[in-house]
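Taking it in order: structure first as structure tokens, then the write-up.
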Amino acid sequence: MNKKINTQYRLKRWLGTALAVGTAFTASAPVAVAADLACSNITIISPYPPGGTTDILARLLAPGMQKELGKTVIVDNKAGASSNIGTEFVGRAKPDGCTLLLGNNTGVVINRNLYKLHLDPLKSLTPIGEVAAVPLVLYVNPGKIQVSSAQELVDALKKKPDQYSFASGGSGSPQHLAGEMFKQMKAVNMLHVPYRGQGPAMNDVIAGHVPIAFETTAVLLPHVKAGSVKALATTSAARTKILPDVPTMAESGFKDFVIENWYGVFAPAGTPPELVEKLNKAVNVALKTPQMTRALEQMASSDVAGSASAFADFIGKEAPVWTDVVQKSGAKVD
């Protein structure tokens, strides 16, 4: 976890800000509930539709947590408004450890800079434990732009500054903001083309309608192997096992360009510390199950198991970084 936090500090230095780390989760006073889980079923809310990364992680996590806690753990999808509906649902739930959120950086720290939310996730949620941290890949359609490295892409963009565009699953998504960071770092121009989801964005890059994009490693891997896209660089701190021949952005001349889509379990603010600790242990146990271990390896996820307080500290440092990226990019809700 310390390695991951240090990575975010390096990213903050690149952004050239001196933002205080005062943005952190502030839980309300704990309510008088028992120190044990007073429910037969624990519900993990997935704020996205079935089949996506968040939903898959929640369903892989549930059996391990169920075995550790001795409670039935179910997953309920409450999708909509870029995960805001499900996130707010958990933020309003009783802080008894029985209603949890499988959230990510988009819903917890990015959306608060893009939407007028009824609840601020940083105040309405309590971090329980991180589940995954998945890097992105900068890739192109090889038939539309003939480059073999990130630096060659920079050269092409500078040669024809008004010709190229990049796709993302929507304004304010990590994939969009990665593109904006790429532009800012090398002073190049690309027109952002937002889609309603990463799937349609990637499909249009493969079809050649948009030549450039960022996508998560596991999702992109089959298309890289098929030759329908060309992977130029990963946003991980080190090369990934599933794309070992693809250099990192840092290796490609983009110093400190490290971005990961992270996912974690949250409870409503005010959840008693004893329950937070109990749930954190269950998350960490679930991360070590064979099914979960295989899935995280396939996603090229970093090892993120750790305490609830470490996860909270990480998010406290992460939030101002993404706030600054959103402000510099001028990202707006589609």
Side-chain angles (χ1 to χ4, degrees), residues 1-9 21-31 33 37 42-48 53-54 57-58 61-62 64-65 68-69 73 83-84 86-113 117 119-134 174 260-287 296 301-323:
M1 185 62 68
N2 289 335
K3 178 180 177 182
K4 194 153 183 280
I5 292 174
N6 290 337
T7 294
Q8 298 305 320
Y9 274 126
V21 185
T23 304
F25 285 82
T26 52
S28 58
V31 297
V33 297
L37 295 162
I42 297 171
T43 300
I44 301 176
I45 299 297
S46 170
Y48 293 96
T53 302
T54 303
L57 288 172
L61 198 68
M65 292 186 66
E68 173 65 19
L69 295 169
V73 179
S83 80
N84 293 333
T87 301
E88 182 175 325
F89 178 85
V90 176
R92 294 187 183 282
K94 185 178 179 180
D96 56 5
C98 298
T99 304
L100 307 175
L101 173 75
L102 201 298
N104 61 9
N105 48 348
T106 297
V108 177
V109 300
I110 294 176
N111 283 354
R112 59 194 294 272
N113 302 291
L117 302 176
L119 296 176
D120 183 346
L122 297 184
K123 297 179 180 179
S124 63
L125 298 174
T126 294
I128 298 298
E130 193 168 5
V131 172
V134 182
E260 289 178 316
N261 275 6
W262 54 259
Y263 304 82
V265 176
F266 298 83
T271 300
E274 296 85 356
L275 291 185
V276 170
E277 184 176 355
K278 188 181 187 75
L279 292 166
N280 172 262
K281 180 183 177 182
V283 168
N284 287 328
V285 168
L287 288 177
L296 294 176
S301 173
S302 304
D303 182 4
V304 296
S307 67
S309 61
F311 187 30
D313 289 344
F314 163 66
I315 296 172
K317 296 172 175 68
E318 175 94 335
V321 172
W322 285 108
T323 296

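Just so you know, these numbers come straight off a predicted model, no measurement behind them.
The structure places OG1 of Thr126 at 11.5 Å from CZ of Phe311, a figure rounded to the nearest 0.5 Å. How far OG1 of Thr271 is from NZ of Lys94: 11.0 Å, rounded to the nearest 0.5 Å. Once rounded to the nearest 0.5 Å, the distance linking CG of Leu101 with CD1 of Ile44 reads 9.5 Å. Separation of atoms OG (Ser124) and CZ (Phe266) is listed at 10.0 Å; rounding is to 0.5 Å. A distance of 8.0 Å separates CG in Asp303 from CG in Leu287, rounded to the nearest 0.5 Å. For the atom pair CG of Leu119 and CG of Asn84, the computed distance is 10.5 Å after rounding to the nearest 0.5 Å.
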Item to check | side-chain contact (heavy atoms from CB on, under 4.5 Å) assessment of Leu102 paired with Val131 | outcome: CA-CA 9 Å; Leu102 201 298; Val131 172; 4.1 Å; yes

Item to check | side-chain contact (heavy atoms from CB on, under 4.5 Å) between Leu37 and Lys278, worked out | outcome: CA-CA 9 Å; Leu37 295 162; Lys278 188 181 187 75; 4.2 Å; yes

Checklist entry - Given the rule in the side-chain contact (heavy atoms from CB on, under 4.5 Å) test, do Val134 and Trp262 qualify, once you have shown the distances and angles that lead to the verdict? => result CA-CA 6 Å; Val134 182; Trp262 54 259; over 6 Å; no

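Smallest separation of non-hydrogen atoms from Glu68 and Ala282: CG-CA, 3.7 Å. Considering every non-hydrogen atom in both Ile42 and Gly97, the closest pair reads CG2-O, 4.0 Å. Heavy atoms only, all atoms of each residue included: Pro174 and Thr106 are closest at CD-OG1, 3.2 Å. The two residues Pro95 and Pro272 make their nearest non-hydrogen contact at O-CD, 3.4 Å. Taking each heavy atom of Leu296 and Ala132 in turn, the nearest pair found is CD2-CB, 3.6 Å. In plain terms, the two heavy atoms of Met65 and Val73 that are nearest each other are C-CG2, 4.2 Å.
Using modelled atom types, one side-chain atom of Ser301 and one backbone atom of Ala133 make a donor-acceptor pair closer than 3.5 Å. Side-chain atoms of Asn284 do not come within 3.5 Å of backbone N or O of Ala305 as any donor-acceptor pair. Side chain of Thr87 to main chain of Ser83: a donor-acceptor pair is present (N/O by atom type, distance under 3.5 Å, no hydrogens or angles). At least one donor-acceptor pair under 3.5 Å links the side chain of Asn280 to the backbone N or O of Gly306.
Counting only heavy atoms from C-beta outward, the side chains of Val109 and Leu122 approach each other to under 4.5 Å. A 4.5 Å side-chain heavy-atom check between Leu69 and Leu279 finds at least one atom pair inside the cut-off. Residues Arg112 and Thr323 are in side-chain contact: their nearest non-hydrogen atoms beyond the backbone lie under 4.5 Å apart.
Within a 6.0 Å sphere centred on CD of Glu277, other residues, nucleotides and ligands contribute 12 heavy atoms or fewer.
Using modelled atom types and a 3.5 Å distance limit, the side chains of Tyr263 and Asn105 yield no donor-acceptor pair.
The pair Glu88-Arg92 meets the salt-bridge criterion, with a side-chain N (NZ, NE, NH1 or NH2) lying under 4.0 Å from an Asp/Glu carboxylate O.
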